[in-house]
Enquirer: 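Structure below; questions to follow.
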Amino acid sequence: MIRLILADDEPIIIKGLRKLIDWESFGMEIVGHAYDGNELMQLIEELQPDLVISDISMPHQTGIDIIKEIKRRSLPVHVIFISAYQEFSYARDAVAFGAIDYLVKPVVKQQLESVLDKAISLITELNEEQKRKGKLQLLERKSKHEEMQDALIQLTDGNLSAKTRSYQETAKQLQGPYYSVLIVEVEHLKEESDRWTEKEKKLIEFAIGNVLQEVIIDTGIGYVFIKQNQHVAVVSHDDMDMPILLAEDTQRKIETFLKLKVSIAIGRPVSELLKLADAYAEADQAMEMKYFVGLNRVLSYAPQSKVHAFDKQLYDAQWDVIRSITAKRWPEVQVSLTVWLQMIKNETFGNRSLADSTCFSSVSFIIQELSKSGVHLSERALDKRELQQLLAGFETFDRMSDEIIGLFEKTYNELDSDSGNKDKIVLAKIKQYINEHYREEITLESMASMAFMNPYYFSSFFKKHTKQNFKQYVTEVRMRHAADMLSLTDLMVYEIAEKVGYNNARHFSDMFKKRYGRLPMDYRQDTKKTT
């Protein structure tokens with residue numbers, strides 16, 4: 001609808017004009033009326049009409065004054081004047097200043113309709129022209145914005161030269177002296193993201209983009225683009241605290257307006273656009289920290305501490321878990337699991353890939369040792385590929401830890417489901433003890449006491465499940481460790497004999513030859529020849 005204002009210092013004229021024709025049939029809506037020049041100018045400012053029909057001789061400001069002011073301000077308003085006969089030449093001057101036409105009082109319906117047709121044509125043409133200009137401006141802005149996005153993507157990849165036009169245009173828009181990179185990532189809780197359709201995901205991406213547009217682009221402090229399915233912002237600033245304050249404000253607005261939780265990671269500020277690749281890499285690394293510290297955070301980059309070996313501590317923690325599971329004490333299992341997982345978290349802090357791989361290998365070791373000890377495990381627990389996929393699918397280390405504890409709790413609860421498991425658990429406990437205490441004196445009686453059996457029954461029990469008598473099994477464990485020491489160390493034979501529980505080196509050598517068909521020194525020499 002064309003918006004119209006009627007103006008005359010005589011109310012009866014305005015009333016007559018209202019009733020003279022069916023304005024709606026012309027696609028027009030009368031949005032206001034004025035009785036003097038000042039009031040008319042005020043209404044033009046407030047209501048922004050497309051057309052004004054006004055008496056040329058108005059109190060306070062004449063029609064000429066009004067049309068001059070419209071022209072001075074370049075307002076998109078067309079004017080039709082009404083004049084008395086004696087004002088005829090005055091009205092013609094008004095047309096020279098840009099009025100569409102003039103009508104002589106009393107206004108004739110047919111003449112008014114003819115002039116309105118002319119006005120509609122001009123207004124339509126003006127609107128089309130404005131639309132074309134608007135589209136061209138929009139395309140131009142879009143083109144510049146896309147060029148800027150492309151340049152920033154190349155800069156964060158480290159692939160843009162300072163000699164290119166794209167770099168120079170970017171430098172004009174982002175003048176520093178410092179530049180920071182922020183990465184925004186929606187928290188996709190697994191149970192929620194599985195329910196999101198592709199359309200919903202696109203809407204979420206669009207909505208977050210709108211918030212970032214308002215906070216960063218519209219304020220002129222930077223630009224936003226999509227990289228690797230994440231929203232990335234590059235901002236220019238002089239206050240070193242500005243990026244964190246901006247991230248906190250952005251996070252707050254996204255949660256307030258969109259009811260979404262996001263993490264925002266920030267690299268350290270750089271003083272050159274060519275160093276944006278470093279700032280982006282740091283922001284990307286900072287985003288990994290949410291795996292360890294939790295979701296919905298503002299994460300600032302901090303250099304990672306050097307990872308040191310913790311194999312011995314990890315090995316001991318794993319065996320604590322195995323011992324507690326086979327000893328059937330769930331409270332102790334929970335404690336040992338918590339200590340073991342916390343150790344991995346502390347030692348791999350800041351390096352998600354290392355945390356994932358360490359957890360996977362550590363869980364696999366525990367499952368393998370439980371299985372070797374005779375504990376019955378489900379096929380799913382033994383499926384390493386499924387285990388690896390499971391552990392890699394969690395957004396935080398704590399969520400993964402809960403899943404691992406749940407997995408072992410399920411294993412623990414299923415131990416009694418097989419009637420033979422009780423015997424297997426007892427046997428596993430005995431085997432573990434022998435493997436850890438082979439250096440010490442181990443007797444049938446002491447092991448029988450540990451299993452709450454009398455020695456005769458224990459001897460029969462042990463042979464039934466291992467197909468070896470107890471003494472043979474202990475000797476085999478000792479010889480296996482002795483063979484490893486001969487291959488991997490330079491210890492003397494008598495030293496190795498003592499370390500595997502033999503006070504007499506000759507007796508040890510005889511037992512070793514019986515097991516491996518060679519004396520200890522011959523075994524060592526043959527092993528070195530093959531390596």
Side-chain angles (χ1 to χ4, degrees), residues 285 288-289 291-293 302-327 332-373 375 377 381-392 394 396-405 407-408 411 428-429 431-440 476-491 495-496 498-501 524 527-528 531:
Q285 190 173 329
E288 283 200 4
M289 291 301 298
Y291 181 71
F292 298 94
V293 302
Q304 292 183 4
S305 57
K306 188 175 180 180
V307 177
H308 63 275
F310 64 108
D311 296 349
K312 178 62 169 62
Q313 299 96 310
L314 182 61
Y315 180 81
D316 292 342
Q318 289 168 171
W319 275 105
D320 284 342
V321 171
I322 295 167
R323 277 191 294 271
S324 61
I325 289 176
T326 55
E332 291 184 19
V333 176
Q334 287 180 301
V335 171
S336 59
L337 285 170
T338 302
V339 170
W340 160 62
L341 289 167
Q342 188 61 45
M343 175 189 295
I344 294 176
K345 182 178 181 179
N346 293 343
E347 297 296 336
T348 63
F349 194 82
N351 189 333
R352 175 169 184 169
S353 59
L354 180 60
D356 284 346
S357 61
T358 303
C359 276
F360 170 71
S361 60
S362 194
V363 172
S364 298
F365 174 81
I366 293 171
I367 290 173
Q368 179 182 332
E369 291 302 315
L370 286 171
S371 181
K372 281 165 58 177
S373 297
V375 174
L377 298 168
L382 297 170
D383 188 334
K384 288 192 175 183
R385 179 177 295 181
E386 184 175 346
L387 175 64
Q388 192 170 30
Q389 291 175 344
L390 176 69
L391 298 185
F394 294 97
T396 66
F397 188 95
D398 290 344
R399 288 182 183 275
M400 181 183 67
S401 296
D402 291 341
E403 181 68 20
I404 290 173
I405 292 173
L407 184 151
F408 281 115
T411 299
K429 183 178 178 181
K431 284 183 175 181
Q432 287 166 19
Y433 184 87
I434 294 170
N435 192 59
E436 293 173 9
H437 298 271
Y438 61 88
R439 299 177 179 83
E440 305 166 14
E476 187 169 303
V477 170
R478 286 171 169 165
M479 293 301 110
R480 192 163 59 244
H481 284 283
D484 287 343
M485 285 185 241
L486 286 164
S487 301
L488 303 174
T489 73
D490 294 325
L491 292 171
E495 292 176 307
I496 293 174
E498 291 178 357
K499 286 183 176 295
V500 296
R524 172 175 277 170
T527 302
K528 288 183 177 180
T531 57

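Keep in mind the model is a prediction, meaning the values are calculated, not measured. Numbers here simply count residues along the sequence, with the first being 1.
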Enquirer: Restricting to non-hydrogen atoms, name the atom on R524 and the atom on L491 that form the minimum distance, rounded to 0.1 Å.
Expert: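 So the two residues come closest at NH2-O, 2.8 Å.
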Enquirer: Output the distance between atom CE (M289) and atom CG (N351), rounded to the nearest 0.5 Å.
Expert: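 Between M289 CE and N351 CG, I get 10.5 Å after rounding to 0.5 Å.
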Enquirer: Taking side chain as C-beta onward, heavy atoms only, is I404 less than 4.5 Å from V363?
Expert: yes
Enquirer: Search all heavy atoms of L354 against all heavy atoms of T358 and return the closest pair with its distance.
Expert: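 Answer, listing the atom of L354 first, then T358: O-OG1, 2.7 Å.
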Enquirer: Among V321, L314, D316, D320, exactly one meets side chain to side chain contact (heavy atoms under 4.5 Å, CB included) together with Q318. Which residue is that?
Expert: L314
Enquirer: Which class fits the ring pair F365 and Y315: parallel under 30°, tilted 30 to 60°, perpendicular over 60°?
Expert: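 If you compare the ring of F365 with that of Y315, the planes turn out tilted.
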Enquirer: Look at the rings of F397 and F292 and say which category their plane angle falls in: under 30° parallel, 30 to 60° tilted, over 60° perpendicular.
Expert: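 Answer is parallel, since the angle falls under 30°.
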Enquirer: Going by side chain to side chain contact (heavy atoms under 4.5 Å, CB included), name the residues that satisfy it together with Q388, two or more places apart in sequence or in a different chain.
Expert: F360
Enquirer: Would you sort out whether V500 and M485 count as a side chain to side chain contact (heavy atoms under 4.5 Å, CB included), showing the intermediate values?
Expert: CA-CA 10 Å; V500 296; M485 285 185 241; 3.6 Å; yes
Enquirer: Got T489 and E495 here, is their nearest side-chain heavy-atom distance under 4.5 Å?
Expert: no
Enquirer: Locate the shortest heavy-atom distance separating A392 from R352; write the atom from each residue and the value.
Expert: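 Where A392 meets R352 most closely, the heavy atoms are O-NH2, 3.3 Å.
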Enquirer: Got a second to check how far I366's CD1 is from Q368's CD, nearest 0.5 Å?
Expert: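 Answer for the CD1-CD pair, I366 versus Q368, is 11.5 Å.
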Enquirer: Search all heavy atoms of A355 against all heavy atoms of I344 and return the closest pair with its distance.
Expert: O-CG2, 4.4 Å
Enquirer: Starting from the C-alpha separation in whole Å, work towards a yes-or-no answer on side chain to side chain contact (heavy atoms under 4.5 Å, CB included) for E476 and R480.
Expert: CA-CA 6 Å; E476 187 169 303; R480 192 163 59 244; 4.0 Å; yes
Enquirer: Is the closest side-chain heavy-atom distance between F310 and N346 below 4.5 Å?
Expert: no
Enquirer: Quick one: CD on E403 to CG on L390, what's the gap to the nearest 0.5 Å?
Expert: 5.0 Å
Enquirer: Kindly give the heavy-atom pair with the smallest separation between E440 and R478, and that separation in Å.
Expert: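 For E440 and R478, the tightest heavy-atom pair comes out as O-NH2, 2.8 Å.
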Enquirer: Measure the NZ-CD distance between K431 and E436 for me, rounded to the nearest 0.5 Å.
Expert: 14.0 Å
Enquirer: Compare all side-chain heavy atoms of H481 with those of I496 and state whether any distance is below 4.5 angstrom.
Expert: no
Enquirer: Give the minimum heavy-atom separation between Y291 and F394, together with the two atoms involved.
Expert: CE1-O, 3.6 Å
Enquirer: Find the distance between CG (L391) and OG (S362) and round it off to the nearest 0.5 Å.
Expert: 10.5 Å
Enquirer: Is the number of heavy atoms from other residues, nucleotides or ligands under 6.0 Å of D490 CG greater than 12?
Expert: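 No - once you tally the heavy atoms of other residues, nucleotides and ligands closer than 6.0 Å, there are 12 at most.
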Enquirer: Assess whether side chain to side chain contact (heavy atoms under 4.5 Å, CB included) is satisfied between M400 and D356, documenting all intermediate values.
Expert: CA-CA 9 Å; M400 181 183 67; D356 284 346; 4.2 Å; yes
Enquirer: If you round to the nearest 0.5 Å, how far is SG of C359 from CG of L341?
Expert: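 Reported value, rounded in 0.5 Å steps: 6.0 Å.
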Enquirer: Taking only residues two or more places apart in sequence, or in another chain, which ones meet D398 in a side-chain hydrogen bond (donor to acceptor under 3.5 Å, both in side chains)?
Expert: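 D398 satisfies side-chain hydrogen bond (donor to acceptor under 3.5 Å, both in side chains) with K345 only.
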